[in-house]
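Here's the structure, in structure tokens; my notes come after.
Everything numeric in this text was worked out from a predicted model, so none of it was measured.
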Amino acid sequence: MACVSFAKLNAPSSTWIGGQQPFAQRSGSSTRLATRRISLPIRAGAYTDELIKTAKTIASPGRGILAIDESNATCGKRLSSIGLDNTEPNRQAYRQLLLTTPGLGEYISGAILFEETLYQSTTDGKKFVDVLHDQKIVPGIKVDKGLAPLPGSNNESWCQGLDGLSSRSGEYYKQGARFAKWRTVVSIPCGPSALAVKEAAWGLARYAAISQDNGLVPIVEPEILLDGDHAIERTLEVAEKVWAEVFYYLTENNVIFEGILLKPSMVTPGAEHKEKASPETIAKYTLTMLKRRVPPAVPGIMFLSGGQSEVEATLNLHAMNQSPNPWHVSFSYARALQNTVLKTWQGRPENVEAAQKALLVRAKANSLAQLGKYSAEGESEEAKKGMFVKGYTY
């Protein structure tokens, strides 16, 4: 399987698979068009209409995605920050707090879950999937198996999880999931190398095709990490290269663009750059990149926050929605929705209601930003604190 993938990755786009050229030179005559080989792409079959409907539902006005798909280890770090042990009952209690928030569906259209959460229920015995359905929130599932060192690269990573993905995706669909997430990363300080970019793009494309084949809308997420002291122009250059590769391989794998969602990084300077960019500048560079690389057939752009403060992520989203875009431009935030919530809760039952209200405040703020109507007036100091962690892992 690895050999097949390697050959595919290194085949020039002007060459037919099998080494034949699209045009042939006949001896003693002018160049003539060779017999054309017609290849009918295999699409997502019976799920096509459902995929398109699901993607449109998630990319609905004034709504975005709540990402609570942290691994058990990462969730444990969050719980540890408020003095709680990393146990399944504590993880369940925290995710129950989030998913049972009254009125959440007004601002949230999809929730990305970790596998444990997809199969869990509330303490009253109601499946979390049904809790989401009641609020008209689409359940999603993280399907990648995390990052590993990429041999032959400049200390870069690749994303694991393609083995067994089809069978797992089928089971997730049966459990009620209707979209999927696969996160890979690109590091600017490490290059990025052509190998790392190609590996990221190919892995995302294979995952997307497998997801669609099993009825799950794939979120395509090549996160360009904030790490580094580079200028915003360098981020733009790398983002354009990465997304060009991603869409090339999505096309090669016959992925339906109308049945996917994107989760890009915003185009910002590196976190350690000497000058901070304004929301207007970030919006300008990010939208420039998207308009150069993303077809209008894609229904939704759901940004990750990537360690920005809660307010920064919301302000930047607001700036990108000051004029019409070819796609729904919204959010898929984890820390930028949860940070204040977690600190408000502190693991105490008597704080659940206050923590849920804090979640609604952040969800509503980002809903307004998606509509281009947000104001940062009255935001707390806690919400303005940056959350960048160098070398952050999920």
For Phe257 against Pro299, the heavy-atom pair lying closest together
O-CD, 3.5 Å
Quick one: sort the Tyr374 and His318 rings into parallel, tilted or perpendicular, breaks at 30° and 60°.
perpendicular
Rounded to the nearest 0.5 Å, how far does CG of Leu261 lie from CD1 of Ile58?
5.5 Å
Measuring from atom NZ of Lys263 to atom CG of Leu204, what distance do you get when rounded to the nearest 0.5 angstrom?
12.5 Å
Within this structure, what is the CD-OH distance for the pair Glu237 and Tyr285, rounded to the nearest 0.5 Å?
12.0 Å
Derivation of the ring pair (Phe, Tyr, Trp, His ring centres under 6.0 Å) call for Phe303 and Tyr333
CA-CA 7 Å; Phe303 282 103; Tyr333 293 163; 8.4 Å; no
Closest heavy-atom pair and its distance - Val255, Ala209:
CG2-N, 3.8 Å
Just say parallel, tilted or perpendicular for the rings of Tyr94 and Trp345, cut-offs at 30° and 60°.
parallel
Lys/Arg-Asp/Glu bridge criterion (N-O < 4.0 Å) met for Glu245, Lys241:
yes
If only atom types and distance count, is the side chain of Ser166 paired as donor or acceptor with the main-chain N or O of Ile210 below 3.5 Å?
no
Within the side chain of Gln96, is there an N or O that forms a donor-acceptor pair under 3.5 Å with the backbone of Thr123?
yes
Gln356 (side chain) donor-acceptor with Leu97 (main chain) under 3.5 angstrom
yes
Interatomic distance, CG@Leu359 vs CG@Leu66, rounded to 0.5 Å, equals 6.0 Å
Go through the steps for Lys142 and Glu115 under the test salt bridge (charged side-chain N to carboxylate O under 4.0 Å, His left out), then give the verdict.
CA-CA 7 Å; Lys142 169 187 165 72; Glu115 186 176 69; over 6 Å; no
Short N-O contact, Lys276 and Glu312, less than 4.0 angstrom
yes
Decide whether Glu223 and Thr184 meet the rule of one side-chain donor and one side-chain acceptor closer than 3.5 Å.
no
Quick one: do Glu171 and Lys174 make a salt bridge, cutoff under 4.0 Å?
yes
Straight-line distance of Gln212 CD to Tyr207 OH, nearest 0.5 Å:
9.5 Å
Salt-bridged, Arg183 to Asp69, with N to O below 4.0 Å?
no
Value for CG (Asn351) from CD (Gln346), rounded to nearest 0.5 Å, stands at 7.5 Å
Please report the closest heavy-atom contact between Ser169 and Asn214, naming both atoms and the distance.
CB-CB, 3.8 Å
Is it true that Arg95 and Glu70 make a salt bridge, defined as a side-chain N closer than 4.0 Å to a carboxylate O?
yes
Is Arg292 salt-bridged to Glu240, cutoff N-O under 4.0 Å?
yes
Between Pro139 and Gly176, the two heavy atoms sitting closest are CG-O, 3.6 Å
Side chains of Tyr107 and Gln370 only: does a donor on one sit below 3.5 Å from an acceptor on the other?
no
Basic-acidic side-chain contact under 4.0 Å: Glu50, Lys53
no
Side chain to side chain donor-acceptor pair (under 3.5 Å) between Thr314 and Asn366: does it pass, once the steps are laid out?
CA-CA 6 Å; Thr314 309; Asn366 286 289; 3.0 Å; yes
Mind listing the closest non-hydrogen atom pair of Ile141 and Phe114 along with its distance?
CD1-C, 3.8 Å
Taking it one step at a time, do Arg63 and Ser60 satisfy side chain to side chain donor-acceptor pair (under 3.5 Å)?
CA-CA 6 Å; Arg63 299 208 295 168; Ser60 55; 3.1 Å; yes
How about Tyr119 and Phe128: are their ring centres within less than 6.0 Å of each other?
no
Heavy-atom nearest pair, Thr235 first then Thr268, reads OG1-O, 2.7 Å
